[in-house]
Amino acid sequence: MSYSPTNATDLVQRRNSPPPRMGFPWGRLFHYVYCSLSYIFLLAPMVVVVGASLHGGEFYTAIRFPPVEPSLRWYGEIPSSQFEALGLSFLLAGGAALGACVIGIPAALGIVRARLPGRTFISSVFRAPLQIPSIVTGIAFLQLYYLFGDATGLYFQGTFLGLYLGHLFVATPYVIGTVTAILQRFDSRLEEAALSLGASRWSTFRRVTLPVIMPGVYAGALYAFMVSFGDVPISIFLTAPGFVTYPVELFYGMENDFNPSILASASLVIFFCLLVLLGMQKLVGLDNLLRSGSR
Amino acid sequence: MTIKRRKAATQGALIAIGLGVAASASAGEFDGVTLTIATWGGTWKSNIEEVIVPKFEAMGGKVEFVTGSPQANLAKLIAARGRAPFDVMEVLDAQEKDFFTTGDFIQNVDLSKIPNAEGLDDWQRNESRVASWNTQETICYDKGKFAELGLEPPTTYTDLINEKLAGRISIPDITSGGGLANFGAFAYAAGGDETNVQPALDLINKLDALKFWSRGGEVITQFQSGDVYAAIVHAGWCTRAKNAGANVTTAHPKINDEHTGVNKYGWLVIMKSSENTDAANWYINEYLDPEFQLRLATKAGVVPVNKEAIARLEEDPVLAEMLVLDPAKLDTQLRIDYSKADIASWNDQWNRAVTK
């Protein structure tokens with residue numbers, strides 16, 4: 001816009017005139033209220049858990065919130081079994097996420113690109129673990145291990161491998177789902193360009209395909225980790241003495257009684273997960289990474 | 001004098017050696033044995049870890065735990081087609097048919113190796129099981145609220161049918177630990193029995209319950225928050241609610257002319273697949289030891305089966321108020337005969353009538 005005396009006059013007139021009447025910003029208010037309620041809904045349980053973990057005083061048998069006589073007393077009384085269970089859960093969930101990627105990426109490529117007879121059926125089979133109640137999966141795996149053990153002499157029940165296979169079974173569909181979603185929008189001309197320029201199939205996959213589907217891989221791996229880390233129904237049947245996952249340890253710890261140290265260890269896990277997410281955000285840019293899948 | 005001293009010293013040394021040999025024999029009795037116990041987690045397991053496990057370890061053995069409710073452990077047992085991944089299991093009376101009638105999961109206990117079982121009543125011990133604890137299922141009520149509303153302390157379930165208590169009563173869900181025992185008690189109180197639970201459903205539907213609790217801990221929170229004025233719950237939870245600051249006490253409901261109060265029992269069994277039977281019998285004996293029974297009672301809120309431990313509970317004023325400890329009165333408490341009950345049908349009828 002070029003400057004002219006007419007424009008200058010307009011500006012002066014606008015400055016001296018009362019501001020234009022605008023209606024009450026109901027839309028914006030609704031937006032803020034809706035967002036605030038959503039955040040409260042999501043964060044309130046965590047606030048209660050962390051807050052109640054700070055309740056001091058004697059042993060108590062129910063959650064006390066807000067805390068009275070705040071102290072870190074129960075943090076010092078977390079039993080070592082919970083830390084051992086936590087270590088096992090991280091190892092298991094990390095392994096399940098990794099294994100889910102190793103199986104899920106080729107499976108997704110096959111589902112989207114291969115011209116296989118019964119592709120829809122195969123796709124449904126890969127999604128089946130999500131449709132079977134986890135408790136049924138746990139019992140089925142336990143019975144399978146006994147049957148397999150009777151036939152071969154190799155019993156997997158109560159072993160890390162047995163537990164891992166159960167978790168891998170339910171974790172893999174998440175990676176398949178997220179990678180499949182990206183592959184269906186994938187512009188195959190990118191690969192054709194790479195191939196036509198002399199790149200090998202492996203090199204094309206590694207340098208062109210994989211970077212594009214990585215957001216889906218990250219998202220799927222994250223879901224797989226969370227599903228494995230929080231699982232109770234499968235782990236109940238596949239754990240063994242001295243070999244218990246963190247959620248199962250907490251579940252059994254609270255089933256017959258309530259111990260305030262459970263709140264303390266749960267709070268530590270919450271803080272640890274927040275730190276990991278913040279670290280990933282700082283180092284990798286988690287939101288950009290996940291968002292880039294839709295580009 | 002010197003000779004006497006020498007003689008005494010020699011005798012002392014011989015006694016010491018003898019004791020040492022005896023101790024080392026005892027110490028090595030369970031060398032290399034790993035005994036696996038299926039029981040609850042949390043403080044229940046902690047009690048065992050702190051009292052029984054050190055004794056077993058001193059004898060050369062090792063104890064491992066498969067934690068979980070008896071229902072969950074039964075599911076593992078069924079999934080494992082009877083090959084239990086544990087030696088000893090805590091079983092509930094409601095699992096009568098699973099273990100003692102139709103099940104084939106257990107082997108005989110050796111009562112000759114369980115001297116602490118001698119003090120039990122005959123019905124509390126036989127070749128397949130030994131009673132380990134019980135709960136007294138009560139009406140736990142807020143004394144202050146009842147006084148404020150002008151209500152007399154309840155003596156029967158029907159006393160809770162009162163508009164002043166509408167929406168202020170908490171009842172165990174049938175799937176909770178005390179659900180079946182209390183459902184059966186409701187049936188008896190309303191004129192039914194194990195084979196006819198419809199009167200129980202009618203009675204429960206007349207009570208305007210706020211909630212059907214699934215964990216006893218919920219009741220404590222409900223009392224603390226003032227949401228409920230009365231709850232059907234075992235005395236241990238009511239005691240914990242009182243210790244947590246709620247102004248509550250127990251009423252042992254009159255069921256009928258024969259029974260006042262309700263009992264739920266826990267049993268210890270040895271699994272058929274166990275090869276550690278001596279250690280398993282030893283464990284059961286230790287479980288019935290008065291000191292451990294007393295500890296379990298005070299820490300976990302259950303009632304001992306050991307009579308010495310029951311008598312010693314009288315010394316605790318809170319527990320003496322909450323529990324029935326008089327042996328004559330204990331005999332009048334109702335115990336459901338689950339061998340007559342069709343639990344699947346109970347659940348089905350509950351789901352149709354109560355949760356609709």
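In the text below, chain A, chain B and the rest are named by the order of the sequence lines, each starting its count at 1. All heavy atoms count here, side chains included; hydrogens, waters and symmetry mates do not.
Note on B:G42, B:S214, B:G41, B:G68: by heavy-atom pairs under 4.5 Å with chain A, the leading option is B:G68. The candidate from B:G216, B:P85, B:A72, B:S69 with the greatest count of non-hydrogen atom pairs under 4.5 Å with chain A is B:S69.
Contact check for B:I37 versus B:K45: no side-chain heavy atoms found under the 4.5 Å cut-off. Side chains of B:W282 and B:F56 form a contact here, defined as non-hydrogen atoms less than 4.5 Å apart. Annotation: side chain of A:S265 is in contact with side chain of A:L250 (closest heavy-atom distance under 4.5 Å).
For A:F272 and A:F90, the gap between ring centers is short of 6.0 Å.
Using a 4.5 Å cut-off between heavy atoms, A:Y155 contacts chain B through its side chain alone, with no backbone atom that close. In this structure, no portion of B:A300 lies under 4.5 Å from any heavy atom of chain A.
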